[in-house]
Amino acid sequence: MSQSRKLYVKSFGCQMNVYDSRRMADTLASHGYVETAAAEDADLIILNTCHIREKAAEKVYSELGRVRRLKQAAAANRRVLIAVAGCVAQAEGEEIIRRAPAVDLVFGPQSYHRLPMLLARAERDGRAVDTDFATEDKFAHLAPPSAAAIRARGACAFVTVQEGCDKFCTFCVVPYTRGAELSRPVQSIIAEIELLAKAGVREVTLIGQNVNAYHGMGPDGRPWSLARLLERAGVVPGIERLRYTTSHPHDMEDELIAAHRDLPKLMPQLHLPVQSGSDRILAAMNRSHTRADYLSLVERLRHACPALALTSDFIVGFPGESEDDFAATLSLVAEVGFSGAFSFKYSPRPGTPGAEMPEQIDEAVKSERLQRLQRTIDERQAAFNRSCLGRTFDVLFERPGRHSGQLVGRSPYLQPVQATAPASLIGDIAAVTITEIASNSLFGTLAAVGPRAAATRPAETVLVATGA
Ligand code: 5AD
Ligand code: SF4
């Protein structure tokens, strides 16, 4: 393959796609591809797609229209390859090329490690499609990032530890597009975190579609839980903060709850999707937890970590959702007091049981419920942000702010915080006292510089054994 070709990757959807896009770029870097932020300069354009809701999938086709024009404009000078990766590729396969003939390459999330070979095939044969589920460990075959690439991406990094899902919620395409649950071995995850930390990463978010179902093989030859993995990740030199997402309430075991009490580097914020506050709808969604289960879980988590802030995902207008069911969702929001949440209108996904259910809800009803739910969530979020006024938080500064002399970082609760601070603090944690709140951002003044007190506590913490 010739040297120094340009690669443009655009990610849609979740953090896992962002992570995958980076790993694809890392792998292609060793084949002479340099990343560009300008699609019009690219020799290879990869759209890493999301299929979770209809709107997300449709965005891909409109983006394909744009990149097709770029390919045509460049045709006189060079050949531009267009690749569609991710969950739309997995779900639609060949159909994408039928609908968008400018596409050269279609491959699903399980094929990323085969990308150099697929590219060579597309160049040779004109086309390549690969939506097979891998039998080998794709993570072991993806090239690691260079130190320069890690530094360019900043002090916060995602690391995929688990992929796929066996839960089969009746609204969700993930078990079909990402396949069965698979956990990476502990040692390969820790090696990756060590590499990241050496190049300046201070915060790692362990990600997976069902991350708390993690059960990867440990160095002792036994499966490790997520709690154990977090404890191990926390002793990697340089790592100051840990997070994990996304969790299923059903897999929130005692040991993981205790980690929120015992691991000082684990941030006091948890994304715990509940989807609905109605037992009838939760059962129809095949969620394997009730409203009471969720509330009791929240209570145990808050008991373990009183400072914990919870965020969630909600779906409105699932088939059969009555006004009473929806009212139960609104009351759950009030009862839990989330610090923020994502809410979505139910989108029937082809091949999922929900799409076949009678009693599909009218679009207008869904829209009206979504508005009401979002208003309630926004009020809770504003109240949470107001409660931060006057408090001092450790902020991990990530980049320059909007105005000169300002930096932006994240609080332990993931809120963006702006403060006047020297650029040398980018990549460091400093204490900031919050002086002002504006919609979703906090503003503050620097209180002191240096790692937070909690992060210097001894790393060897005792975890309570799971009751399960
Ligand atoms: N329709 C609407 N929202 C969905 N989600 C997943 N599938 C659907 C769907 N078919 C939402 C859930 C999930 C989040 C990532 O996306 O709330 O937690
Ligand atoms: Fe989808 Fe999450 Fe349910 Fe798995 S647990 S099917 S990823 S919503």
Side-chain angles (χ1 to χ4, degrees), residues 11-19 49-59 86-88 90-91 109 158 160-183 205 207-215 226 244-252 270-278 281-289 293-294 297 310-321 326 329 332-333 336 338 340-357 360-363 365-367 369-370 373-374 377:
S11 281
F12 298 81
C14 66
Q15 290 157 337
M16 193 159 275
N17 271 5
V18 175
Y19 175 84
T49 63
C50 172
H51 203 235
I52 197 102
R53 286 171 291 276
E54 190 181 1
K55 257 196 192 152
E58 281 307 315
K59 267 191 207 155
C87 294
V88 175
Q90 187 64 45
F158 301 131
T160 293
V161 301
Q162 175 278 337
E163 195 175 13
C165 183
D166 296 338
K167 293 282 187 295
F168 290 93
C169 299
T170 52
F171 53 80
C172 188
V173 286
V174 166
Y176 310 94
T177 56
R178 289 274 172 171
E181 214 170 292
L182 190 107
S183 295
T205 304
I207 56 174
Q209 263 99 26
N210 205 204
V211 73
N212 58 341
Y214 177 82
H215 59 276
L226 183 68
Y244 61 94
T245 199
T246 293
S247 297
H248 191 288
H250 183 81
D251 295 318
M252 211 64 217
L270 178 64
H271 188 62
L272 195 59
V274 60
Q275 314 296 357
S276 168
S278 152
I281 296 300
L282 287 171
M285 286 176 165
N286 190 31
R287 284 292 291 176
S288 74
H289 63 81
D293 293 336
Y294 189 86
L297 180 56
L310 285 152
T311 55
S312 199
D313 289 343
F314 292 92
I315 295 177
V316 300
F318 187 77
E321 185 187 71
F326 177 64
T329 295
L332 183 85
V333 174
V336 175
F338 295 101
F342 297 108
S343 46
F344 310 100
K345 282 193 271 187
Y346 171 65
S347 168
R349 307 310 292 129
T352 60
E356 307 300 319
M357 288 180 186
Q360 297 285 330
I361 304 293
D362 216 65
E363 224 23 60
V365 174
K366 286 187 202 172
S367 299
R369 287 183 187 163
L370 185 69
L373 177 59
Q374 284 181 339
I377 291 166

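Whatever order the structure lists them in is the order used to number ligands and atoms, beginning at 1. FYI, the numbering just counts along the sequence from 1.
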**OP:** Counting heavy atoms only, name the option from Glu54, Arg53, Met285 that's nearest to atom 11 (C) of ligand 1.
**Re:** Arg53
Subject >> NZ (Lys167) with more than 12 external heavy atoms under 6.0 Å >> reply: yes
Subject >> Where ligand 2 meets Phe171 - atom numbers and elements under 4.0 angstrom, heavy-atom basis >> reply: 8 (S)
**OP:** For this output row, return yes or no: ring centroids of Phe168 and Tyr176 closer than 6.0 angstrom.
**Re:** yes
Subject >> Under 3.5 Å side-chain donor-acceptor pair for Asp313 and His271 >> reply: yes
**OP:** Would you mind reporting whether Glu321 and Tyr346 have side-chain heavy atoms less than 4.5 Å apart?
**Re:** no
**OP:** Find out whether Ser288 and His248 are in side-chain contact, i.e. whether some heavy atom of one side chain is under 4.5 Å from a heavy atom of the other.
**Re:** yes
Subject >> From CA spacing to verdict: side-chain contact (heavy atoms from CB on, under 4.5 Å), Phe314, Val274 >> reply: CA-CA 6 Å; Phe314 292 92; Val274 60; 3.4 Å; yes
Subject >> Of the listed options Ala213, Ser247, Cys169, closest to atom 3 (Fe) of ligand 2 (non-hydrogen atoms) >> reply: Cys169
Original post:
Is the shortest heavy-atom distance from the side chain of Pro109 to the side chain of Cys87 under 4.5 Å?
Top reply: yes
Original post:
What's the shortest heavy-atom distance between Val173 and Ile52, and which atoms?
Top reply: CG2-CA, 4.0 Å
Original post:
Which bit of Phe344 is near ligand 1, meaning a heavy atom under 4.0 Å away: side chain, backbone, both or neither?
Top reply: side chain
**OP:** Considering the heavy atoms of Phe168, write down every atom of ligand 2 situated less than 4.0 Å from one of them.
**Re:** 6 (S)
**OP:** Taking only heavy atoms of Arg349 into account, list the atoms of ligand 1 that are under 4.0 Å away from them.
**Re:** 10 (N)
Original post:
What residue and heavy atom of the protein are closest to atom 1 (Fe) of ligand 2, and at what distance?
Top reply: Cys172 SG, 2.3 Å
Original post:
Is the closest basic N to carboxylate O distance between Lys345 and Glu363 below 4.0 Å?
Top reply: yes
**OP:** Before signing off on this row, confirm whether Asp313 and ligand 1 have an N or O atom pair separated by under 3.5 Å.
**Re:** yes
Original post:
Who's the nearest protein heavy-atom neighbour of atom 2 (Fe) of ligand 2, and how far?
Top reply: Gln209 O, 4.4 Å
Original post:
If you measure from each non-hydrogen atom of Lys345 to ligand 1, which part falls under 4.0 Å: side chain, backbone, both or neither?
Top reply: backbone
Subject >> Interfacing atoms of ligand 2 (cut-off 4.0 Å, heavy-atom, His248) >> reply: 5 (S)
Subject >> Contact atoms of ligand 2, heavy-atom distance to Pro175 under 4.0 Å >> reply: 6 (S)
Subject >> Heteroatom proximity flag, Cys172 to ligand 1, N/O under 3.5 Å >> reply: no
**OP:** Using a strict cut-off of 4.0 Å, indicate which atoms of ligand 2 neighbour a heavy atom of Lys167.
**Re:** 4 (Fe), 5 (S)
Subject >> Check against side-chain contact (heavy atoms from CB on, under 4.5 Å), Tyr244 and Leu270 >> reply: CA-CA 8 Å; Tyr244 61 94; Leu270 178 64; 3.3 Å; yes
Subject >> Protein heavy atom at shortest distance from atom 9 (C) of ligand 1 >> reply: Ser347 O, 3.6 Å
Original post:
Which atoms of ligand 1 sit under 4.0 Å from any heavy atom of Gln275?
Top reply: 12 (C), 13 (C), 17 (O), 18 (O)
Subject >> ligand 1 versus Ile52: contacting region, heavy-atom distance under 4.0 Å >> reply: both
Original post:
In this structure, are over 12 heavy atoms from other groups packed under 6.0 Å from Glu58 atom CD?
Top reply: yes
Original post:
Counting each atom of ligand 1 from 1 as listed, which ones have a heavy atom of Phe171 under 4.0 Å away?
Top reply: 6 (C), 7 (N), 8 (C), 9 (C), 10 (N)
Original post:
Counting backbone and side chain alike, does Cys165 bring an N/O/S atom below 2.8 Å of atom 1 (Fe) of ligand 2?
Top reply: no
